[in-house]
Amino acid sequence: MTERPPVDGLGYEQARDELAEVVRALEAGGLGLDESVALWERGEALARRCEEQLAGARERVEKVLGVTEQGE
């Protein structure tokens, strides 16, 4: 894989798509140990980033729903 941007600067879709690429590369095999470990670590960071993005979206929705429920 080529040089990638920092994970913390990726949006959800970018992180999700790159995570899918990492999974495909790991499943395909044929990588050396160091490269596999580096990909695994990148994949873990990407998965955390996706979870953070989803949690933030969930909080925003809950906030809006909470305001709507209170305003009724």
Side-chain angles (χ1 to χ4, degrees):
M1 293 179 76
T2 60
E3 187 66 29
R4 301 289 185 163
V7 172
D8 62 354
L10 297 176
Y12 174 77
E13 289 81 5
Q14 292 171 306
R16 180 203 58 210
D17 292 348
E18 187 180 338
L19 179 57
E21 289 176 28
V22 167
V23 170
R24 277 192 292 275
L26 289 170
E27 286 178 341
L31 304 171
L33 179 61
D34 289 340
E35 190 175 2
S36 293
V37 170
L39 273 176
W40 179 268
E41 291 171 339
R42 178 75 177 187
E44 287 290 325
L46 290 163
R48 279 192 304 274
R49 181 64 178 162
C50 288
E51 289 173 4
E52 291 168 0
Q53 293 286 319
L54 289 172
R58 185 175 23 256
E59 287 175 15
R60 289 173 30 211
V61 168
E62 288 172 353
K63 190 176 195 179
V64 169
L65 290 176
V67 169
T68 301
E69 290 174 5
Q70 292 175 1
E72 293 181 336

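Note that the structure is a prediction, hence the values are computed from the model and not measured.
To the nearest 0.5 Å, atoms CD (Gln14) and CZ (Arg4) are separated by 11.0 Å. Atoms OH and CG, on Tyr12 and Leu19 in that order, are 9.0 Å from each other to the nearest 0.5 Å.
Every residue two or more places apart in sequence or in another chain that forms a side-chain contact (heavy atoms from CB on, under 4.5 Å) with Pro5 is listed here: Leu10, Arg42. Applying the side-chain contact (heavy atoms from CB on, under 4.5 Å) criterion to Arg58, with sequence neighbours excluded, gives Ala55, Glu62. Listed by chain and residue number, Leu26, Glu35, Ser36, Leu39 satisfy the side-chain contact (heavy atoms from CB on, under 4.5 Å) test with Leu31 (two or more places apart in sequence, or in another chain). Evaluation of the salt bridge (Lys or Arg N to Asp or Glu O under 4.0 Å) rule for Glu41 yields no partner, not counting sequence neighbours. Residues forming a side-chain contact (heavy atoms from CB on, under 4.5 Å) with Glu51 (at least two apart in sequence, or on another chain): none.
Using a distance-only test at 3.5 Å, with no hydrogens or angles considered, no donor-acceptor pair links the side chain of Glu27 to the main chain of Arg24.
Here the shortest heavy-atom pairing between Ala15 and Arg49 reads CB-CG, 4.1 Å.
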